[in-house]
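In what follows, a single structure is set out as structure tokens and then discussed.
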Amino acid sequence: MKIAFFGESKSDDVTIKKFVEGILKDEIEETDIRKRLIFRSSSHLDRNLPVVIRSVHYSSDAEFLIICSDSDDFPVHISEHDKKENEKCRLCSLRKAVKNSLTKLTNVPNKKMLKVAIGVPVPAIEAWLLFNINPQVSENTWIKKIADEKGVKYDRKTLKRELYGGEHISEVERIEISLKAVKRVVENDLLGDLETAFPQGFGSLSNEVKSWN
């Protein structure tokens, strides 16, 4: 199974790949994709998705693409959004952008139509990596944080400091720390619990990936 990855950084791509290998219980042969921008962020993903999706479909041998973008301070996806999308929700906006791009693709000889899965860490990928270490991290907890409920003691910056030991580290160091964190989650059989704590951002990604296998 060849899968292409497109996230906010190379570190995120590598991290999500290891999570997906844990979900599939198999190693993935990653396919490189052309990226026009070296710098990526959540604000750039929607704009770049059409280019990335076309590149994967027409110019690579990958039949699967995984997109990952932090929710940041945008609304957390909830089941009600499936009936009526929330334009400010990252998962809603990414699903819409993906759907619009996929409908414009044409068949490629000897290749199946591209399938896309989306992961939206809430509020950032560091929350997934700190799962079962920081007992507060979950989608429900972050919903309370956004609602200004008291008692939620973390935010995106504190998660980064907790995981990396600081906010300003090299990408090599970030990747090394992230891979160790994913290994801990996978080897301790915590993926199912991670799905429960992050049902929309991680659970929906996991379910889609499992359907490919």
Side-chain angles (χ1 to χ4, degrees), residues 2-23 27-56 59-60 62 64-74 76-77 89-91 93-95 97-98 101 116-131 133-134 137 142 154-186 194 198 200-202 204-206 208-209:
K2 291 186 177 181
I3 303 176
F5 296 84
F6 185 66
E8 296 182 22
S9 67
K10 182 60 180 177
S11 173
D12 284 3
D13 292 353
V14 172
T15 301
I16 294 299
K17 178 184 176 184
K18 287 302 177 183
F19 269 123
V20 173
E21 286 180 341
I23 293 169
E27 291 187 359
I28 295 170
E29 185 177 353
E30 184 179 357
T31 298
D32 289 333
I33 58 178
R34 300 172 185 172
K35 304 181 180 72
R36 290 188 173 181
L37 294 178
I38 296 176
F39 174 77
R40 288 176 276 167
S41 68
S42 58
S43 62
H44 289 84
L45 286 181
D46 288 1
R47 185 172 59 196
N48 289 321
L49 277 182
V51 174
V52 172
I53 288 174
R54 288 197 301 269
S55 176
V56 174
S59 304
S60 81
F64 306 96
L65 169 64
I66 292 179
I67 297 162
C68 183
S69 174
D70 295 343
S71 72
D72 295 329
D73 296 322
F74 291 100
V76 178
H77 189 85
C89 167
R90 288 298 300 152
L91 186 55
S93 63
L94 287 171
R95 283 177 173 173
V98 167
S101 295
V116 180
I118 303 169
V120 178
V122 176
I125 198 167
E126 288 78 18
W128 291 0
L129 298 173
L130 287 167
F131 179 70
I133 290 180
N134 185 325
V137 293
W142 193 251
Y154 71 90
D155 56 26
R156 286 181 289 147
K157 287 187 177 181
T158 60
L159 289 177
K160 291 180 186 298
R161 287 197 295 268
E162 184 176 355
L163 180 64
Y164 306 122
E167 296 179 55
H168 305 291
I169 62 173
S170 69
E171 186 171 65
V172 172
E173 292 173 310
R174 188 182 299 272
I175 290 174
E176 181 180 357
I177 293 170
S178 297
L179 291 181
K180 287 181 180 178
V182 177
K183 183 178 180 181
R184 175 187 60 82
V185 172
V186 173
L194 186 61
F198 297 88
Q200 300 297 332
F202 186 80
S204 61
L205 168 67
S206 180
E208 182 67 24
V209 169

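Nothing fancy with the numbering, it's 1 onward along the sequence. Nothing here was measured: the structure is a model prediction, and the numbers come from that model.
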Are P123 and F74 side-chain neighbours, meaning at least one heavy-atom pair lies under 4.5 Å?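 No, every pair of side-chain atoms sits at 4.5 Å or beyond.
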Heavy-atom side-chain contact between R90 and D72 under 4.5 Å: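 Sidechains of D72 and R90: no contact.
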Nearest 0.5 angstrom please: [X] [atom1] to [Y] [atom2], how far?
X	Y	atom1	atom2	answer
I66	D12	CD1	CG	13.0 Å
S59	R54	OG	CZ	10.0 Å
E8	C68	CD	SG	7.0 Å
L65	F5	CG	CZ	9.0 Å
E162	L130	CD	CG	4.5 Å
I53	F6	CD1	CZ	9.5 Å

N/O donor-acceptor pair under 3.5 Å between E21 side chain and I28 backbone: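 A pair under 3.5 Å: yes.
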Would you check if the side chain of S55 reaches a backbone N or O of V51 as a donor-acceptor pair within less than 3.5 Å?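 Pair absent, no side-chain N/O of S55 close to backbone of V51.
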With F64, which residues qualify under ring pair (Phe, Tyr, Trp, His ring centres under 6.0 Å), at least two apart?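 Checked F64 against ring pair (Phe, Tyr, Trp, His ring centres under 6.0 Å); matches are W212.
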How close do [X] and [Y] get, heavy atom to heavy atom, and via which atoms?
X	Y	answer
L163	I177	O-CG2, 3.5 Å
K157	D155	N-OD1, 3.1 Å
F202	I23	CZ-CD1, 3.9 Å
A62	A4	CB-N, 4.1 Å
Y154	V137	OH-CA, 3.5 Å
V120	D70	CG1-C, 4.2 Å

L205 and F198: CA distance, side-chain angles, deciding distance, side-chain contact (heavy atoms from CB on, under 4.5 Å) verdict: CA-CA 10 Å; L205 168 67; F198 297 88; over 6 Å; no
Please determine whether salt bridge (Lys or Arg N to Asp or Glu O under 4.0 Å) holds for the pair R174 and E171, giving the CA-CA distance in whole Å, both sets of side-chain angles, and the decisive distance to 0.1 Å. CA-CA 5 Å; R174 188 182 299 272; E171 186 171 65; over 6 Å; no
Going through the checks in order, is the side-chain contact (heavy atoms from CB on, under 4.5 Å) test met by S204 and R95? CA-CA 12 Å; S204 61; R95 283 177 173 173; 3.9 Å; yes
N/O donor-acceptor pairs under 3.5 Å from side chains in residues 179-186, not counting sequence neighbours:
from	atom 1	to	atom 2	distance (Å)
R184	NH1	F131	O	3.0
R184	NH2	L129	O	2.8
R184	NH2	F131	O	2.9

